[in-house]
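Input: one structure, supplied below.
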Amino acid sequence: MPDHRSRPRRGAALAFLSLAQLMIVLDATVANVAAPAVQSAFGIADGERHWIITAFGLGFGGLLLLGGRLADLWGRRRVLVAGLIGFSLASALSGAAVTVSMLMTARALQGIFAALLSPAALSLVAALSTNPAGRARAVGIYAAVGAAGGGAGLVLGGVFTQFASWRWAFLISPVVGAVAVAGVLVTVRGPEQPRTRARLDLPGAGLVAAALVALVLGLTGVARHGWMARTTVTLFTASIVLLALFCLVESKVRDPMVPLRLVAHRSRGGVLLSLGLAVSGQFGLLLALSYYLQSVKGYTPLMTGLAYLPMMAGMLLGSSRLGYLLTRRLQPRLIMAFGCLLAGAGLLSLSQVQPASPYLTALLPGLSLLGAGIGTAFTVAVSTATHQIAAEDSGVVSAMVNTAQQVGAALGTAVLNALAARTAGAYMSAHATTGHGGTEVAELRIQAVAHGCATAALWASCVLALAALIAFVLIDARPAPTRAVRPPVRPGRTVAGPEGAPPGPASVSCRAR
């Protein structure tokens, strides 16, 4: 099909594929805003309220790699539609939950189906164009929709929670999901890969899921039990052992879920590590900053959501325009390093916050730079990670990109918020004196929370500087050599190209009714 005729069809397909990302982002953001109301409605203890978020994160991050492999083996379009339908039903179940166990089960199911639809959608987006600039533009638009959805989710979550009911926050996804399913069925046509003789690596899937679950549980227990507590050390040790077993299994099985050659690739490994660190610095600070906005500045949940909109706008600008424009002029490692440094500069600015810091001069610039930097880095990270891979590996590579983000977010949230809490406690102990009245103690607590948030932002900026260094050193600037000989195509199977060549036009096609 001539390129000028296929472009509108590709645009329609990209629009509906982006709705899949929008569903996940909406759910994540509205759940964070609605969490206090959910806790109050069900009487959840303070020590257990994190499961409102964690149940989704464990299902999502723990099964993303399996979802990517399923997309490769069973067909990306087929797996995407199944994930969209399942996610919509699980979201409706979350909104209708009448018990804590019902809610947590529904949230875990949301994460499981998100692990199916996310890598399938991203791999289809990456296959919409056959040239690096077009691929970067498609991925940038895809990421921009996610950024806009994050902003919309923050506002909608605050509106529903404050003026209606928290249940409506979970009932957004079924509406979006119905539109996405109809659009994907109309505009996206595989080709649907036939069921191959490759076996599903269930032992590998179980080991990596268990390793990530142990890691997340260990990180969430750090603030409660401390780093050297027996429970924390046991969980971290179990995570390392399970991850080592996973690598051993993947090196032995005939059809590994994650071919180790994909992770060992210098540029791809650098992208995943740098992206994970960048996300850990960004999302790790958000919870501490939310405490600062509500406990120190006295913001309501809706005001807190609105305060984050400049960050989302920066992500939208960075992913849709800045990253795309730089891709046409600079090497990927320079763009990603620049994005991480830009985000780090925003975090460094936020490390100067004080109890009396005005929003317009102290918070707005830092949040805007943070969003623009992360958006820029994300665009080039996804484009570089999914470029020059064989068609049968595109789903699992997309899942690896998402897994890096989820693990990075969990790691940063646990470490930076434990650091903020300890710093605030040490500040109060150092400045506490006998004879303090109630007003003076409250003022001291406000200063301690602000000091803890500023310290966490400072360390987060160091994490972003490390991410920039890793991107500059590990991402290879030289173009990969192309192979002149294409592998033979078995009857009934479409191969987009060998590793080292971008997917061809057969990777994905679009049609209109």
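All values derive from a computational prediction rather than experimental measurement.
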S274: side-chain hydrogen bond (donor to acceptor under 3.5 Å, both in side chains) partners, not counting sequence neighbours: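 Not a single residue meets the side-chain hydrogen bond (donor to acceptor under 3.5 Å, both in side chains) criterion with S274.
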Qualifying residues under ring-ring contact (aromatic ring centres under 6.0 Å, His included), relative to F246, sequence neighbours excluded: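 Residues passing ring-ring contact (aromatic ring centres under 6.0 Å, His included) with F246: none at all.
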Counterpart residues, side-chain contact (heavy atoms from CB on, under 4.5 Å), relative to L89 (two or more places apart):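 Only I85 meet the side-chain contact (heavy atoms from CB on, under 4.5 Å) criterion with L89.
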With F60 via ring-ring contact (aromatic ring centres under 6.0 Å, His included) - residues at least two apart: F56
Inter- and intrachain pairs under salt bridge (Lys or Arg N to Asp or Glu O under 4.0 Å), touching residues 82-91, at least two apart: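 Residue pairs passing salt bridge (Lys or Arg N to Asp or Glu O under 4.0 Å), neighbours aside: none found.
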T99: side-chain hydrogen bond (donor to acceptor under 3.5 Å, both in side chains) partners, not counting sequence neighbours: S101
Pairs flagged by side chain to side chain donor-acceptor pair (under 3.5 Å) wherever residues 244-253 is involved - sequence neighbours left out: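 Listed once each, the pairs would be none.
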I475 side, atom CD1; L334 side, atom CG - distance, nearest 0.5 Å: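 Output value for this atom pair is 9.5 Å.
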Under the side-chain contact (heavy atoms from CB on, under 4.5 Å) test, residues paired with L466 that sit two or more places apart: L277, I470
Worked check of side-chain contact (heavy atoms from CB on, under 4.5 Å) between R77 and L185: CA-CA 8 Å; R77 179 173 175 264; L185 291 175; 3.6 Å; yes
Residue pairs, two or more places apart or on separate chains, that pass side chain to side chain donor-acceptor pair (under 3.5 Å) and touch residues 79-91: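 Sorted pair list: S91-Q110.
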Residue list, side-chain contact (heavy atoms from CB on, under 4.5 Å) with T105, at least two apart or on another chain: L109
F42: ring-ring contact (aromatic ring centres under 6.0 Å, His included) partners, not counting sequence neighbours: W166
From CG (L370) to CE (M315), nearest 0.5 Å: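 These two atoms lie 8.5 Å from each other.
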Which residues share a side-chain contact (heavy atoms from CB on, under 4.5 Å) with A377, sequence neighbours left out: M336, C340
